[in-house]
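The structure appears below as C-alpha coordinates.
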Amino acid sequence: MIETDRQSWGADAHERKVENLYGGGIENYLGHHDGYLNFGLWEDGITDYVKAAENLVQRMGTLLGLDHGSKLLDVAPGMGTQDIYLSRNFSPLSIDGLDVTWGHVEHGRRRAREAHLEDRVRFSHGTATEIPFPDQTFTHVLSIEGPEHFDTREKFLQEARRVLQPGGVIAMADFIMKRRPRNLVEKIVAEAARSLWKVPRANVYPADVYAEKMHGAGFENVTIEELGALVIPGYYFEQMKPETIKAITRIRGVMLARLSLLLDVAVYRGFTMGLLEYVLVRGERS
Ligand SMILES: C[S@@+](CC[C@H](N)C(=O)[O-])C[C@H]1O[C@@H](n2cnc3c(N)ncnc32)[C@H](O)[C@@H]1O
(Lines give C-alpha, C1' and ligand atoms only; values in the text may rest on other atoms or scores of the structure.)
Protein backbone atom coordinates (compact mmCIF):
# COMPACT_ATOMS: atom_id res chain seq x y z
CA MET A 1 0.00 0.00 0.00
CA ILE A 2 1.14 3.54 -0.69
CA GLU A 3 -0.11 5.79 2.07
CA THR A 4 0.45 9.49 1.54
CA ASP A 5 0.45 11.81 4.48
CA ARG A 6 -0.91 15.35 4.49
CA GLN A 7 -0.49 17.12 1.14
CA SER A 8 -0.26 20.86 0.65
CA TRP A 9 -1.94 22.54 -2.30
CA GLY A 10 -0.79 25.64 -4.16
CA ALA A 11 -2.46 28.95 -3.24
CA ASP A 12 -4.66 28.88 -6.37
CA ALA A 13 -5.17 25.14 -6.55
CA HIS A 14 -8.75 23.97 -6.95
CA GLU A 15 -8.01 21.31 -4.32
CA ARG A 16 -7.33 24.02 -1.75
CA LYS A 17 -10.74 25.62 -2.41
CA VAL A 18 -12.51 22.28 -2.08
CA GLU A 19 -10.63 21.45 1.11
CA ASN A 20 -11.61 24.82 2.58
CA LEU A 21 -15.25 24.14 1.70
CA TYR A 22 -15.34 20.74 3.42
CA GLY A 23 -12.72 21.29 6.12
CA GLY A 24 -14.43 24.12 8.06
CA GLY A 25 -15.45 22.85 11.51
CA ILE A 26 -14.69 19.27 10.48
CA GLU A 27 -13.24 18.47 13.91
CA ASN A 28 -16.73 19.01 15.40
CA TYR A 29 -18.52 16.59 13.07
CA LEU A 30 -18.25 13.40 15.13
CA GLY A 31 -21.55 11.51 15.06
CA HIS A 32 -23.73 13.95 13.09
CA HIS A 33 -25.51 11.96 10.34
CA ASP A 34 -23.05 9.17 11.25
CA GLY A 35 -20.44 11.08 9.21
CA TYR A 36 -22.30 10.58 5.92
CA LEU A 37 -22.39 13.53 3.52
CA ASN A 38 -24.24 11.89 0.62
CA PHE A 39 -27.75 12.90 -0.47
CA GLY A 40 -29.24 9.49 0.30
CA LEU A 41 -31.52 7.25 -1.73
CA TRP A 42 -35.00 7.88 -0.34
CA GLU A 43 -36.96 4.89 -1.63
CA ASP A 44 -39.17 2.17 -0.13
CA GLY A 45 -40.65 4.52 2.47
CA ILE A 46 -37.29 5.51 4.02
CA THR A 47 -37.66 8.69 6.08
CA ASP A 48 -34.48 8.51 8.19
CA TYR A 49 -31.35 10.21 6.81
CA VAL A 50 -28.79 7.58 7.85
CA LYS A 51 -30.95 4.79 6.40
CA ALA A 52 -31.23 6.74 3.12
CA ALA A 53 -27.45 7.32 3.08
CA GLU A 54 -26.76 3.61 3.70
CA ASN A 55 -29.30 2.64 1.06
CA LEU A 56 -27.33 4.69 -1.49
CA VAL A 57 -24.04 3.08 -0.43
CA GLN A 58 -25.64 -0.37 -0.65
CA ARG A 59 -26.86 0.46 -4.17
CA MET A 60 -23.34 1.56 -5.18
CA GLY A 61 -21.73 -1.61 -3.79
CA THR A 62 -24.24 -3.68 -5.76
CA LEU A 63 -23.70 -1.60 -8.92
CA LEU A 64 -19.95 -2.20 -8.62
CA GLY A 65 -20.49 -5.93 -8.04
CA LEU A 66 -18.18 -5.98 -4.99
CA ASP A 67 -17.31 -9.39 -3.58
CA HIS A 68 -14.74 -11.12 -1.38
CA GLY A 69 -12.00 -10.81 -4.00
CA SER A 70 -12.42 -7.08 -4.67
CA LYS A 71 -9.73 -4.45 -4.18
CA LEU A 72 -11.62 -1.18 -4.05
CA LEU A 73 -10.38 2.37 -4.47
CA ASP A 74 -12.91 4.84 -3.05
CA VAL A 75 -12.17 8.35 -4.31
CA ALA A 76 -13.72 11.11 -2.19
CA PRO A 77 -14.92 8.85 0.64
CA GLY A 78 -15.59 11.81 2.93
CA MET A 79 -15.38 10.77 6.59
CA GLY A 80 -15.09 7.10 5.70
CA THR A 81 -18.41 5.80 7.05
CA GLN A 82 -19.34 4.43 3.63
CA ASP A 83 -16.19 2.30 3.56
CA ILE A 84 -16.87 0.80 6.97
CA TYR A 85 -20.36 -0.01 5.66
CA LEU A 86 -19.00 -1.55 2.42
CA SER A 87 -16.37 -3.56 4.28
CA ARG A 88 -18.97 -5.00 6.66
CA ASN A 89 -21.62 -5.69 4.04
CA PHE A 90 -19.59 -6.81 0.98
CA SER A 91 -16.32 -8.05 2.62
CA PRO A 92 -13.90 -6.94 -0.13
CA LEU A 93 -10.22 -7.81 0.32
CA SER A 94 -9.30 -4.18 0.85
CA ILE A 95 -10.58 -0.62 0.54
CA ASP A 96 -8.33 2.39 -0.04
CA GLY A 97 -10.00 5.76 0.40
CA LEU A 98 -8.43 8.87 -1.15
CA ASP A 99 -9.80 12.26 -0.13
CA VAL A 100 -8.64 15.84 -0.67
CA THR A 101 -9.84 17.00 2.77
CA TRP A 102 -7.30 16.15 5.47
CA GLY A 103 -9.91 16.33 8.26
CA HIS A 104 -11.92 13.68 6.39
CA VAL A 105 -8.87 11.41 6.19
CA GLU A 106 -8.39 11.75 9.96
CA HIS A 107 -12.05 10.88 10.62
CA GLY A 108 -11.79 7.90 8.26
CA ARG A 109 -8.69 6.53 9.96
CA ARG A 110 -10.33 6.92 13.37
CA ARG A 111 -13.48 5.13 12.20
CA ALA A 112 -11.45 2.27 10.70
CA ARG A 113 -9.52 1.89 13.99
CA GLU A 114 -12.69 1.93 16.07
CA ALA A 115 -14.26 -0.69 13.79
CA HIS A 116 -11.05 -2.82 14.01
CA LEU A 117 -10.82 -2.68 10.24
CA GLU A 118 -7.61 -0.66 9.87
CA ASP A 119 -5.87 -3.55 8.03
CA ARG A 120 -8.60 -3.66 5.38
CA VAL A 121 -9.83 -0.05 5.22
CA ARG A 122 -7.17 2.65 4.76
CA PHE A 123 -7.31 6.34 3.99
CA SER A 124 -4.90 8.66 2.19
CA HIS A 125 -4.80 12.40 1.56
CA GLY A 126 -4.58 13.25 -2.12
CA THR A 127 -6.42 14.21 -5.24
CA ALA A 128 -8.56 12.26 -7.68
CA THR A 129 -6.66 13.69 -10.64
CA GLU A 130 -3.28 12.32 -9.47
CA ILE A 131 -4.04 9.01 -7.82
CA PRO A 132 -1.03 7.88 -5.72
CA PHE A 133 -1.19 4.20 -6.67
CA PRO A 134 0.56 2.18 -9.38
CA ASP A 135 -1.14 1.05 -12.61
CA GLN A 136 -3.69 -1.78 -12.35
CA THR A 137 -3.79 -1.87 -8.53
CA PHE A 138 -7.58 -2.16 -8.13
CA THR A 139 -10.51 -4.25 -9.34
CA HIS A 140 -13.06 -1.51 -8.59
CA VAL A 141 -13.19 2.29 -8.34
CA LEU A 142 -16.00 4.13 -6.57
CA SER A 143 -16.84 7.79 -6.13
CA ILE A 144 -19.97 9.02 -4.38
CA GLU A 145 -20.66 12.71 -5.00
CA GLY A 146 -17.00 13.49 -5.58
CA PRO A 147 -16.62 13.65 -9.40
CA GLU A 148 -18.49 16.96 -9.83
CA HIS A 149 -15.65 18.60 -7.85
CA PHE A 150 -12.67 17.02 -9.58
CA ASP A 151 -10.53 19.32 -11.69
CA THR A 152 -11.44 17.77 -14.04
CA ARG A 153 -13.78 14.77 -13.99
CA GLU A 154 -12.22 13.73 -17.30
CA LYS A 155 -8.71 13.64 -15.77
CA PHE A 156 -10.06 11.52 -12.93
CA LEU A 157 -11.59 9.06 -15.42
CA GLN A 158 -8.18 8.67 -17.07
CA GLU A 159 -6.55 8.10 -13.68
CA ALA A 160 -9.28 5.65 -12.66
CA ARG A 161 -8.68 3.65 -15.84
CA ARG A 162 -4.94 3.63 -15.18
CA VAL A 163 -5.27 2.17 -11.66
CA LEU A 164 -7.97 -0.36 -12.64
CA GLN A 165 -7.15 -3.86 -13.82
CA PRO A 166 -8.55 -4.86 -17.24
CA GLY A 167 -12.25 -5.65 -16.83
CA GLY A 168 -12.34 -3.58 -13.63
CA VAL A 169 -15.48 -1.62 -12.81
CA ILE A 170 -16.05 2.03 -11.98
CA ALA A 171 -19.27 3.35 -10.41
CA MET A 172 -20.07 6.95 -9.55
CA ALA A 173 -22.95 8.83 -7.94
CA ASP A 174 -22.75 12.23 -9.58
CA PHE A 175 -24.54 15.34 -10.78
CA ILE A 176 -25.11 16.43 -14.37
CA MET A 177 -26.47 19.51 -16.08
CA LYS A 178 -29.63 18.33 -17.79
CA ARG A 179 -30.12 21.34 -20.04
CA ARG A 180 -28.79 24.86 -20.49
CA PRO A 181 -30.41 27.67 -18.44
CA ARG A 182 -33.02 29.50 -20.55
CA ASN A 183 -33.43 32.80 -18.71
CA LEU A 184 -31.74 35.06 -16.18
CA VAL A 185 -33.25 33.39 -13.08
CA GLU A 186 -32.17 29.95 -14.30
CA LYS A 187 -28.70 31.27 -15.12
CA ILE A 188 -28.36 32.71 -11.60
CA VAL A 189 -29.51 29.47 -9.94
CA ALA A 190 -27.17 27.33 -12.07
CA GLU A 191 -24.17 29.61 -11.54
CA ALA A 192 -24.85 29.91 -7.78
CA ALA A 193 -24.94 26.12 -7.42
CA ARG A 194 -21.79 25.66 -9.54
CA SER A 195 -19.63 28.27 -7.87
CA LEU A 196 -20.74 27.75 -4.23
CA TRP A 197 -20.15 24.04 -4.68
CA LYS A 198 -16.71 24.40 -6.26
CA VAL A 199 -17.64 22.65 -9.49
CA PRO A 200 -15.19 23.42 -12.33
CA ARG A 201 -16.93 24.77 -15.46
CA ALA A 202 -15.35 21.95 -17.45
CA ASN A 203 -17.49 19.43 -15.51
CA VAL A 204 -20.83 20.94 -16.51
CA TYR A 205 -22.38 18.82 -19.27
CA PRO A 206 -25.33 16.48 -19.94
CA ALA A 207 -25.51 12.67 -19.84
CA ASP A 208 -24.62 12.06 -23.51
CA VAL A 209 -21.39 14.06 -23.16
CA TYR A 210 -20.66 12.20 -19.89
CA ALA A 211 -21.00 8.88 -21.75
CA GLU A 212 -18.66 10.15 -24.51
CA LYS A 213 -16.06 11.09 -21.90
CA MET A 214 -16.33 7.65 -20.29
CA HIS A 215 -15.75 5.99 -23.68
CA GLY A 216 -12.92 8.42 -24.45
CA ALA A 217 -11.18 7.47 -21.16
CA GLY A 218 -11.39 3.76 -22.07
CA PHE A 219 -14.58 2.50 -20.42
CA GLU A 220 -17.19 0.35 -22.14
CA ASN A 221 -20.72 -0.92 -21.40
CA VAL A 222 -21.41 2.50 -19.90
CA THR A 223 -24.78 3.04 -18.19
CA ILE A 224 -26.17 6.28 -16.76
CA GLU A 225 -29.29 6.11 -14.58
CA GLU A 226 -31.17 9.27 -13.55
CA LEU A 227 -32.32 9.13 -9.93
CA GLY A 228 -32.83 12.76 -8.90
CA ALA A 229 -36.44 12.35 -7.78
CA LEU A 230 -35.42 9.67 -5.25
CA VAL A 231 -32.41 11.63 -4.03
CA ILE A 232 -32.57 15.42 -4.16
CA PRO A 233 -35.94 16.28 -2.50
CA GLY A 234 -35.33 13.85 0.39
CA TYR A 235 -31.96 15.43 1.13
CA TYR A 236 -33.28 18.97 0.76
CA PHE A 237 -36.09 18.41 3.28
CA GLU A 238 -33.63 16.76 5.70
CA GLN A 239 -31.28 19.75 5.46
CA MET A 240 -34.15 22.22 5.99
CA LYS A 241 -35.21 20.63 9.31
CA PRO A 242 -34.58 23.09 12.18
CA GLU A 243 -32.61 20.44 14.10
CA THR A 244 -30.31 19.83 11.09
CA ILE A 245 -29.74 23.57 10.63
CA LYS A 246 -28.91 23.86 14.35
CA ALA A 247 -26.48 20.94 14.18
CA ILE A 248 -24.71 22.27 11.06
CA THR A 249 -24.43 25.73 12.65
CA ARG A 250 -22.89 24.19 15.77
CA ILE A 251 -20.45 22.15 13.68
CA ARG A 252 -19.45 24.59 10.95
CA GLY A 253 -20.21 28.03 12.40
CA VAL A 254 -22.81 30.56 11.24
CA MET A 255 -21.15 31.64 7.98
CA LEU A 256 -20.40 28.17 6.59
CA ALA A 257 -23.80 26.88 7.77
CA ARG A 258 -25.54 29.70 5.85
CA LEU A 259 -23.43 28.99 2.81
CA SER A 260 -24.35 25.31 2.83
CA LEU A 261 -28.04 26.21 3.30
CA LEU A 262 -27.84 28.49 0.27
CA LEU A 263 -26.15 25.73 -1.67
CA ASP A 264 -28.87 23.22 -0.70
CA VAL A 265 -31.54 25.65 -1.90
CA ALA A 266 -29.69 26.28 -5.19
CA VAL A 267 -29.29 22.54 -5.86
CA TYR A 268 -32.95 21.82 -5.03
CA ARG A 269 -34.18 24.71 -7.18
CA GLY A 270 -31.85 23.60 -9.98
CA PHE A 271 -33.43 20.14 -9.80
CA THR A 272 -37.06 21.33 -9.69
CA MET A 273 -36.37 23.65 -12.65
CA GLY A 274 -35.11 20.65 -14.62
CA LEU A 275 -31.55 22.01 -14.89
CA LEU A 276 -29.77 19.52 -12.68
CA GLU A 277 -29.99 15.74 -12.34
CA TYR A 278 -28.49 13.09 -10.03
CA VAL A 279 -27.05 10.09 -11.83
CA LEU A 280 -25.53 6.70 -11.14
CA VAL A 281 -22.84 5.97 -13.70
CA ARG A 282 -21.15 2.61 -14.33
CA GLY A 283 -18.51 1.47 -16.78
CA GLU A 284 -16.03 -1.35 -17.36
CA ARG A 285 -12.36 -0.82 -18.14
CA SER A 286 -11.54 -2.02 -21.63
C1 LIG B 1 -20.24 15.52 -0.97
S2 LIG B 1 -18.76 14.92 -0.22
C3 LIG B 1 -19.07 13.19 -0.37
C4 LIG B 1 -18.28 12.41 0.63
C5 LIG B 1 -18.67 10.94 0.75
N6 LIG B 1 -18.57 10.26 -0.52
C7 LIG B 1 -20.05 10.82 1.31
O8 LIG B 1 -20.96 10.64 0.50
O9 LIG B 1 -20.23 10.94 2.52
C10 LIG B 1 -17.55 15.25 -1.45
C11 LIG B 1 -16.16 14.71 -1.08
O12 LIG B 1 -15.31 14.90 -2.21
C13 LIG B 1 -14.01 15.15 -1.72
N14 LIG B 1 -13.21 15.67 -2.85
C15 LIG B 1 -13.47 16.76 -3.58
N16 LIG B 1 -12.53 16.95 -4.52
C17 LIG B 1 -11.65 15.92 -4.41
C18 LIG B 1 -10.48 15.53 -5.11
N19 LIG B 1 -10.00 16.26 -6.10
N20 LIG B 1 -9.86 14.39 -4.74
C21 LIG B 1 -10.32 13.64 -3.73
N22 LIG B 1 -11.43 13.96 -3.00
C23 LIG B 1 -12.09 15.09 -3.35
C24 LIG B 1 -14.28 16.12 -0.58
O25 LIG B 1 -13.20 16.27 0.29
C26 LIG B 1 -15.48 15.42 0.07
O27 LIG B 1 -15.05 14.47 1.00
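Counting starts at 1 for both ligands and their atoms, in listed order. Any value given below was found using the heavy atoms of this structure, including those in side chains, with hydrogens, waters and symmetry copies removed. Since the structure is predicted, the reported quantities are computational estimates derived from the model, not experimental observations.
- Residue pairs that meet the side-chain hydrogen bond (donor to acceptor under 3.5 Å, both in side chains) test with at least one member in residues 54-69, sequence neighbours left out, are Glu43-Asn55, Glu43-Arg59, Gln58-Tyr85, Asp67-Ser70.
- Residue Lys241 qualifies as enclosed at atom NZ: its count of foreign heavy atoms under 6.0 Å is above 12.
- Residues satisfying the salt bridge (charged side-chain N to carboxylate O under 4.0 Å, His left out) criterion with Glu277, sequence neighbours excluded, are absent altogether.
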Measure and list all N/O to N/O distances between ligand 1 and the protein that fall under 3.5 angstrom.
unit_1   : atom_1 : unit_2 : atom_2 : d
ligand 1 : 6 (N)  : Ala76  : O      : 2.8
ligand 1 : 6 (N)  : Gln82  : OE1    : 2.9
ligand 1 : 6 (N)  : Ile144 : O      : 2.9
ligand 1 : 8 (O)  : Asn38  : N      : 3.3
ligand 1 : 8 (O)  : Gln82  : OE1    : 3.4
ligand 1 : 9 (O)  : Leu37  : N      : 2.8
ligand 1 : 19 (N) : Thr127 : OG1    : 3.0
ligand 1 : 20 (N) : Ala128 : N      : 3.0
ligand 1 : 22 (N) : Val100 : N      : 3.2
ligand 1 : 25 (O) : Asp99  : OD1    : 2.5
ligand 1 : 25 (O) : Thr101 : OG1    : 2.6
ligand 1 : 27 (O) : Asp99  : OD1    : 3.3
ligand 1 : 27 (O) : Asp99  : OD2    : 2.8
ligand 1 : 27 (O) : His104 : ND1    : 2.8

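- The residues Lys187 and Glu191 are annotated as not salt-bridged, no charged nitrogen and carboxylate oxygen being separated by less than 4.0 angstrom.
- Pairs engaging residues 159-181 under the side-chain hydrogen bond (donor to acceptor under 3.5 Å, both in side chains) rule: Asp135-Arg162, Arg153-Asp174, Glu159-Arg162, Arg161-Ser286, Asp174-Tyr210, Lys178-Glu226, Arg179-Glu186 [sequence neighbours left out].
- By the neighbour-count criterion of 12 heavy atoms within 6.0 Å, atom CG of Asp12 is sparsely surrounded, having that number or fewer from other residues, nucleotides or ligands.
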